[in-house]
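Here is the structure we will look at, set down as structure tokens.
In what follows, every heavy atom counts, from backbone to side chain, and hydrogens, waters and symmetry copies are set aside. In the text below, chain A, chain B and the rest are named by the order of the sequence lines, each starting its count at 1.
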There are 2 protein chains.
Amino acid sequence: MDVSAFGEHGPVSCRAREILDRVGDKWSLQVIALLGERTKRFTELKREIDGISQRMLTVTLRGLERDGIVTRTVYPVMPPRVEYSLTPMGATLMDAANALVRWAEGHLDEIDAARAEYDARAAEIEALKSS
Amino acid sequence: MDVSAFGEHGPVSCRAREILDRVGDKWSLQVIALLGERTKRFTELKREIDGISQRMLTVTLRGLERDGIVTRTVYPVMPPRVEYSLTPMGATLMDAANALVRWAEGHLDEIDAARAEYDARAAEIEALKSS
DNA sequence: CGGGATCCAATTCGATACTG
DNA sequence: CAGTATCGAATTGGATCCCG
């Protein structure tokens, strides 16, 4: 197991966490995934991401734009037309995130099982305490 | 660009987000990284993770344990001795997370630069508005 | 030593209303 | 259409105290 990728003892992985804050937040990954398909407009993204509020889509896109992961192109027409797409750096991020997404999909059942067992055991212990 | 790993249109990536919530939270990744080195005790982890409170270390470890990512071994001695280590599944998660951590480390400078440029441009626009 | 329980502050996020 | 602004609810996390 190669631990060095996380840094010697902490500080580096601490820096890495800043990026995980970005990609790991509630919506960024889905936005990146959808923009990986192709350039999309604001409303298009909002329609495709179930449950996101307009506010959070704006906040998420601004954050990704600030970090150089997506580009925002405004066409000065009426009504306004704004298009979002991944930067080259954003595309490489999507590739890296794929490893984690694949892991998640591949272990969902295992995790569900682990949770069920853990919760069952916790309930058992709870039952013992009241007896 | 392979988008299929994120699912057809949303629901799957939604499930995947549950796992990113786990690995992407404030401390899990660092805990996993440290346990990747070797089995460690509670206090050892607390000492090595800068800034973590005892409460959050407990909460983080419980969550990882519930998901079957770490094991918790209690030795019934006085004073108490509790050891944590990665499960086999936890080890594979660490491998997957490495891709993202490497990406983060490799793009920190680029992201910092993008942020600086974005902020500078925002400040410029702000200056224009007040003139 | 390894927590559990509680309280409090900060942050996050959704709903709503308004705008060029 | 694509936002901005504001408010309040919910969540998160730190500090503190206590216990076996």
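Residue A:R72 places at least one side-chain N or O closer than 4.0 Å to OP1 or OP2 of D:dG3. Residue A:Y84 places at least one side-chain N or O under 4.0 Å from the OP1 or OP2 atom of D:dG3.
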field: Intermediate values then yes/no, salt bridge (Lys or Arg N to Asp or Glu O under 4.0 Å), B:R81 and B:E83
entry: CA-CA 7 Å; B:R81 179 184 185 84; B:E83 289 185 347; 3.1 Å; yes
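Of the charged side-chain nitrogens involved, at least one lies within less than 4.0 Å of a carboxylate oxygen, so that B:R38 and B:E44 count as a salt-bridged pair. Using a 4.0 Å cut-off between charged side-chain N and carboxylate O, B:D21 and A:K26 make no salt bridge.
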message: Can you build the contact string for nucleotides 11-20 of chain D? Use B for base contact, S for sugar-phosphate-only contact, and - for no protein heavy atom under 4.0 Å.
response: --BBBB---B
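Separating the CZ atom of B:R81 from the C1' atom of C:dG3 is a distance of 16 Å, rounded to the nearest angstrom. Note: CG (A:D50) to P (C:dC13) measures 17 Å, nearest angstrom. Distance CD1 (B:I125) to P (D:dG3): 13 Å, rounded to an integer number of Å. In this structure, the NZ atom of B:K46 is 12 Å from the C1' atom of C:dG3, given to the nearest Å. Distance CG (A:L45) to P (D:dG3): 10 Å, rounded to an integer number of Å.
To the nearest 0.5 Å, the span separating NZ on B:K46 from OG1 on B:T58 amounts to 9.5 Å. In this structure, CG in B:D112 is found 12.5 Å from NE2 in B:H107, a value given to the nearest 0.5 Å.
Using a 4.0 Å heavy-atom criterion, one finds that B:Y75 contacts no nucleic acid atom at all.
Checked against side-chain hydrogen bond (donor to acceptor under 3.5 Å, both in side chains), A:S85 has the following partners two or more places apart in sequence or in another chain: A:T71.
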